Amino acid sequence: MHRLTDLVRLRAILDHWRLQNERIALVPTMGNLHEGHLDLVRHARRRADRVVVTIFVNPTQFGPGEDFESYPRTVDEDLSKLAATGCEAVWLPAVDTMYPLEAGFAVRVPSQLADCLCGEFRPGHFDGVASVVLRLFNQVRPHLAVFGEKDFQQLLVIRRLVLDLSLDIDILGCPTRREADGLAMSSRNQYLDPEQRAAAPALFQTLTGMAKRLQAGDDWATVESEARAALVRAGFRPQYLAWRSAEDLAEPKPGRPQRLLAAAWLGKARLIDNIALD
Ligand code: PAF
């Protein structure tokens, strides 16, 4: 497995693979890898000849007061996990490789996608995500890239980026990996103390309970307010509980894919989750 910190070397390896007509997959991450990330790598592995994983804690997607400084950085452990998962190259760029100019170009995500749900509570977050992912796409020029459905809004932002800027990259979503008790895997779960960890699966349980009630015909306002109250009783500080189109996050359309999405603080951890509504 190549461990790369130099863009020229990365490009030389990628050029070599392309000359051999090999299909290249990209899996962007911020490191501190868990089984959810490794699922993305396995998903990519099945669809490409070569998998490139990137590890870069991207400063432009963190807002003031967020956890950029304290975000867990565990590169050595990450590299051991990746070596066992069939990834051929790990791209570990420095900040000035990703952002060579102090006030460089940035992507502005359309407001309908960027300013709702997580974007309402993390202004500028999706511009930062799209800006770094576009740079990674330009550096690696993959045939396909894999993103987790846990960050469902991010997945839609990336799909829109590729569509709008005519990028020739297939974007694949990978189902959320959960702990045995239903909690979606996340690097931020480690911010939970034991009591909070025991309460944390309530977020997923709340979403599944909401789905059942909506399918039974209960009205949204009642379902939402009772779910919010249940989360507060479990110790959460909910930010949003939303029922949206799975295609564009607008109001759900009958007969089209729909999604229930939630974000809530539990202690120092901001947890997000979402499920499909069949
Ligand atoms: O999902 C993440 O880990 C990040 O938002 C990403 C896509 C690697 C961009 O920094």
Side-chain angles (χ1 to χ4, degrees), residues 4 10 25-41 43-44 51-63 66-75 77-79 81-82 85 87 89-99 104-109 113-114 117-119 121-140 142 144-162 165 167 169-177 184-191 261 263 269-274:
L4 301 153
L10 171 75
L26 173 70
V27 180
T29 81
M30 297 206 300
N32 194 239
L33 305 180
H34 50 65
E35 278 301 316
H37 294 111
L38 301 182
D39 274 357
L40 306 183
V41 180
H43 205 76
V51 180
V52 180
V53 174
T54 67
I55 299 180
F56 179 67
V57 184
N58 171 36
T60 66
Q61 68 188 76
F62 289 80
E66 290 190 348
D67 56 345
F68 173 67
E69 298 298 341
S70 58
Y71 196 85
R73 289 157 170 89
T74 52
V75 173
E77 289 93 322
D78 294 345
L79 292 172
K81 290 177 186 170
L82 289 172
T85 316
C87 136
V90 187
W91 171 225
L92 299 147
V95 174
D96 57 3
T97 304
M98 297 309 291
Y99 298 105
F105 280 88
V107 177
R108 189 173 47 74
V109 179
L113 267 185
L117 306 175
C118 286
F121 298 92
R122 304 188 71 189
H125 169 69
F126 290 110
D127 291 352
V129 169
S131 298
V132 80
V133 169
L134 181 59
R135 284 165 162 81
L136 293 169
F137 283 169
N138 285 331
Q139 291 163 349
V140 176
L144 63 101
V146 183
F147 293 84
E149 285 184 355
K150 189 184 89 71
D151 296 291
F152 195 77
Q153 188 170 6
Q154 168 173 285
L155 175 62
L156 293 196
V157 165
I158 303 301
R159 286 196 198 286
R160 186 70 69 87
L161 174 81
V162 163
L165 302 187
L167 304 179
I169 302 173
D170 288 337
I171 302 301
L172 306 179
C174 180
T176 302
R177 178 75 170 243
M185 287 192 187
S186 163
S187 302
R188 292 187 168 106
N189 291 350
Q190 62 198 271
Y191 299 158
L261 307 101
R270 182 177 180 277
L271 303 182
I272 59 173
D273 204 348
N274 68 85

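As the structure lists them, so they are numbered: ligands from 1, and atoms in each ligand from 1. Keep in mind the model is a prediction, meaning the values are calculated, not measured.
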So that I can tick it off, tell me whether Arg188 and Asp67 are bridged by a salt bridge, with the cut-off set at under 4.0 angstrom between side-chain N and carboxylate O.
yes

Residue Gln61 vicinity, atoms of ligand 1 by number, heavy atom under 4.0 Å
4 (C), 5 (O), 9 (C), 10 (O)

Kindly say whether Arg108 contributes a backbone atom to a donor-acceptor pair with the side chain of Asp127 at under 3.5 angstrom?
no

For ligand 1, which atoms sit closer than 4.0 Å to a heavy atom of Gln154?
1 (O), 2 (C), 4 (C), 5 (O), 7 (C)

Side chain of Thr176, backbone of Ala184: donor and acceptor closer than 3.5 Å?
no

Ile55 vs Trp91 side-chain heavy atoms within contact, under 4.5 Å:
no

for atom 3 (O) of ligand 1, nearest protein heavy atom and its distance come out as Met30 CG, 3.6 Å

Which part of Thr29 is near ligand 1, with near meaning a heavy atom under 4.0 Å away: side chain, backbone, both or neither?
backbone

Val132 neighbourhood, listing ligand 1 atoms whose heavy-atom distance to it stays under 4.0 Å:
9 (C), 10 (O)

Out of all atoms in ligand 1, which are within 4.0 Å of some heavy atom of Pro28? Include the element for each.
8 (C)

Just checking, Arg73 and Phe68: is the charged tip under 6.0 Å from the six-membered ring centre and within 45° of the axis?
yes

